[in-house]
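For reference, the structure discussed in these notes is given below.
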Amino acid sequence: MKRTEIATVLKEEKIGEKILIKGWVKAFRSNRFIQVNDGSTINNIQAVLDFENTDEATISKINTAAAVSISGELIASEGKGQRVELIIEQIEILGEANPEEVSKTVMQPKKHSLEFLREQAHLRFRTNTFGAVFRIRHGVSFAIHKYFNDKGYFYIHTPIITGSDAEGAGEMFRVTNLDAKNPPLKDDGSVDWSEDFFGKETNLTVSGQLEAELAAMALGKVYTFGPTFRAENSNTARHLSEFWMIEPEVAFNDLNDNMDLAEDFLSYICKYILENFADDVAFLNEREIQEQKSKPQNERNELTLIERLNFVIANDFERITYTRAIEILHNSKPYKKKKFKYPVEWGIDLQSEHERFLVEKEFKKPVIITDYPASFKAFYMRQNEDGKTVAAMDILFPGIGEIIGGSQREERLEVLKEKCAAFNIAEEDVWWYLDTRKFGTAPHAGFGLGFERMVMFVTGMTNIRDVIPFPRTPKKAEF
Ligand code: 4AD
Ligand code: MG
């Protein structure tokens, strides 16, 4: 007999059929009811054991986490909690799990902290929460490809090893093929890095944007979707050293087109997940509601997870300029009561306390801030007429902060060259990029969506380490 996945069994409910399932034991109650899950859905199937007619050796091995193969007849269930159940005709233990060892893991049925779960690289995938999160993570990535494909964008693979620092923030991990224990030395005894990567200084990419611009100025509409790396020593719930980023880049788009695209894109992803991962979202929604109960009233979310997703689907974002944001902050209660830790004045980069105020208190919805001062934004952003600001946009989400960063690009060669000079970027290092402004330059724009921050938003998880299977954070790369 061919195996049927539990998701299919529960969806089709073919009462009276003989089926074969395989999965892992979630629980075994009253020597009779085995809850089995195979990862295809958050829901378990209940398999009913004929205890009297099963040999003792087999029964002793039906333990939580064991892998089993079960065949039998699907019947309508009379018990509450499930609509169908499987009457076992044959059960085989494929892989045992020692109950004593299981009791020390997250498989033990009680509430575990997310920190504890994080230490269990393998078994956290088996929990309801992480099963749901990682199925949804897949769904988000699929929705992204589907969105762009349906709209005629081309997926461009940009390099991971590169000589460029696209963001100019100097937060790069160096790539080297030198023998760290025995590196080539210069005459003065210092390491000769010029031999690095066969004679070229390289690092792991911080963004695929510059390469995507080259492609966009030929193919029109492109996007990247790949891992990016940042050597910033930030130990926060929103930063990873290795994260995935989606970067659409579109020829002939200006900043307004860029904002429209971003809103439509974010809304599409939320809709896709609500429609296609309803069971997982419902589970996470309920999980969050329960968690919120243990929090003081003023720290609770105003909206549930599902309400937040619907909010983004409704596409109601606030758009304000940076200058306006500073004004609003100046007139705010926390500013007047000196509650902000960081100063608020035109020219400063907004801190997360300021962003949170705007999103969660002032507007209570996603906010797009545009036209930031040029001084703390990247060299490639288009200079505005005022000479002080650039055509940048950051999208801020409740509970997440910055989820998207983007801009209209500086398409004027002379202005871009001046920017390079001001940012200490040698023209000969970026000649390949400047070329896009020499051969039929045109306005174009794009943005970067932090993939894990998006997964946080659609799952309601509050720590970025809990939405990526193997998080890389400072000093953490063991598994
Ligand atoms: O704002 P960022 O640095 O923008 C860029 O890299 C541009 N090249 C994008 C573009 O215009 N094509 O990063 C974009 C997004 C942020 O808004 C954030 O969501 C996410 O990437 N991000 C991180 N996510 C997790 N961990 C980190 N350390 C992150 N740094 C940025
Ligand atoms: Mg940014």
Side-chain angles (χ1 to χ4, degrees), residues 145 147-169 172 197 199-226 228 245-262 265 370-372 374 377-387 389-393 404-449:
H145 284 299
Y147 177 85
F148 286 124
N149 183 65
D150 289 355
K151 288 197 169 340
Y153 283 66
F154 301 109
Y155 178 28
I156 298 295
H157 296 105
T158 50
I160 292 183
I161 299 176
T162 172
S164 90
D165 176 11
E167 293 308 298
M172 297 174 300
F197 196 68
K200 169 87 185 115
E201 196 178 297
T202 52
N203 52 274
L204 296 178
T205 187
V206 295
S207 156
Q209 178 199 319
L210 303 190
E211 292 87 350
E213 280 187 57
L214 270 62
M217 294 306 284
L219 296 166
K221 295 188 292 192
V222 302
Y223 70 104
T224 73
F225 188 170
T228 46
M245 187 158 44
I246 299 94
E247 299 184 273
E249 191 69 34
V250 187
F252 315 114
N253 265 10
D254 65 13
L255 191 63
N256 273 316
D257 301 323
N258 209 28
M259 287 190 274
D260 292 345
L261 172 65
F265 175 54
T370 62
D371 305 291
Y372 283 85
K377 289 290 186 188
F379 79 101
Y380 53 71
M381 296 191 178
R382 192 178 197 280
Q383 188 85 49
N384 287 331
E385 298 313 311
D386 62 14
T389 60
V390 286
M393 63 175 218
I404 277 183
S407 69
Q408 186 174 333
R409 318 306 188 188
E410 182 55 75
E411 84 281 14
R412 297 161 294 189
L413 182 62
E414 288 316 310
V415 185
L416 189 58
K417 281 184 175 174
E418 281 165 28
K419 276 303 218 24
C420 286
F423 280 75
N424 267 328
I425 300 169
E427 282 180 31
E428 50 282 19
D429 287 345
V430 289
W431 65 268
W432 52 276
Y433 182 67
L434 296 176
D435 260 11
T436 55
R437 276 68 169 171
K438 284 186 193 163
F439 304 100
T441 191
H444 60 287
F447 59 80
L449 168 69

Worked check of side-chain contact (heavy atoms from CB on, under 4.5 Å) between Lys438 and Leu413: CA-CA 7 Å; Lys438 284 186 193 163; Leu413 182 62; 3.8 Å; yes
Applying side-chain contact (heavy atoms from CB on, under 4.5 Å), run through Ile404 and Met393 and close with a yes or a no. CA-CA 8 Å; Ile404 277 183; Met393 63 175 218; 4.0 Å; yes
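Considering all non-hydrogen atoms of both residues, Ala392 and Tyr372 come closest at CB-CD1, 4.0 Å. The minimum heavy-atom distance between Ala374 and Gln383, with the atom names listed, is CB-NE2, 4.4 Å. Contact detail for Thr224 and Gly208: the closest heavy-atom pair is CG2-O, 4.1 Å.
With sequence neighbours excluded, the residues forming a side chain to side chain donor-acceptor pair (under 3.5 Å) with Ser207 are Glu247, listed by chain and number. Evaluation of the side chain to side chain contact (heavy atoms under 4.5 Å, CB included) rule for Ala391 yields Leu255, Arg382, Asn384, Gln408 as partners, not counting sequence neighbours. Remark: Tyr380 pairs with Glu167, Gln209 by the side chain to side chain donor-acceptor pair (under 3.5 Å) rule, at least two apart or across chains. For Thr205, there are no side chain to side chain donor-acceptor pair (under 3.5 Å) partners, not counting sequence neighbours.
Between the Lys151 side chain and the Lys221 main chain, no donor and acceptor come within less than 3.5 Å of each other.
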Scan the side chains in residues 420-436 for donor-acceptor partners under 3.5 Å anywhere in the protein, sequence neighbours excluded, and list what turns up.
unit_1: Trp432; atom_1: NE1; unit_2: Asp429; atom_2: O; d: 3.0
unit_1: Tyr433; atom_1: OH; unit_2: Glu213; atom_2: OE1; d: 2.8
unit_1: Tyr433; atom_1: OH; unit_2: Glu213; atom_2: OE2; d: 2.7
unit_1: Tyr433; atom_1: OH; unit_2: Arg437; atom_2: NH2; d: 3.0
unit_1: Thr436; atom_1: OG1; unit_2: Tyr433; atom_2: O; d: 2.6

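No side-chain heavy atom of Thr228 sits less than 4.5 Å from a side-chain heavy atom of Val206. Side-chain contact check for Ile156 versus Leu219: some heavy-atom pair is nearer than 4.5 Å. With contacts defined as side-chain heavy-atom distances shorter than 4.5 Å, the pair Thr162/Asn203 qualifies. Phe447 has its side chain out of reach of Met259: every pair of non-hydrogen atoms, C-beta onward, lies at least 4.5 Å apart. At a threshold of 4.5 Å between non-hydrogen side-chain atoms, the residues Phe379 and Leu416 count as touching.
The pair Glu410-Arg412 meets the salt-bridge criterion, with a side-chain N (NZ, NE, NH1 or NH2) lying under 4.0 Å from an Asp/Glu carboxylate O.
Rounding to the nearest 0.5 angstrom, the gap separating the OG1 atom in Thr202 from the CD1 atom in Ile161 is 6.0 Å. Atoms CD and CG, from Glu249 and Leu210 in turn, are 9.0 Å apart once rounded to the nearest 0.5 Å. We find the CE-CZ distance between Met217 and Arg409 to be 12.0 Å, quoted to the nearest 0.5 Å.
Residues Tyr153 and Tyr147 place their aromatic rings such that the two centres sit no closer than 6.0 Å.
Here side chain to side chain donor-acceptor pair (under 3.5 Å) pairs that include residues 253-262, with residues two or more places apart or in two chains, are Asp260-Arg319.
The local environment of OH in Tyr155 is crowded, with over 12 non-hydrogen atoms from other residues, nucleotides or ligands closer than 6.0 Å.
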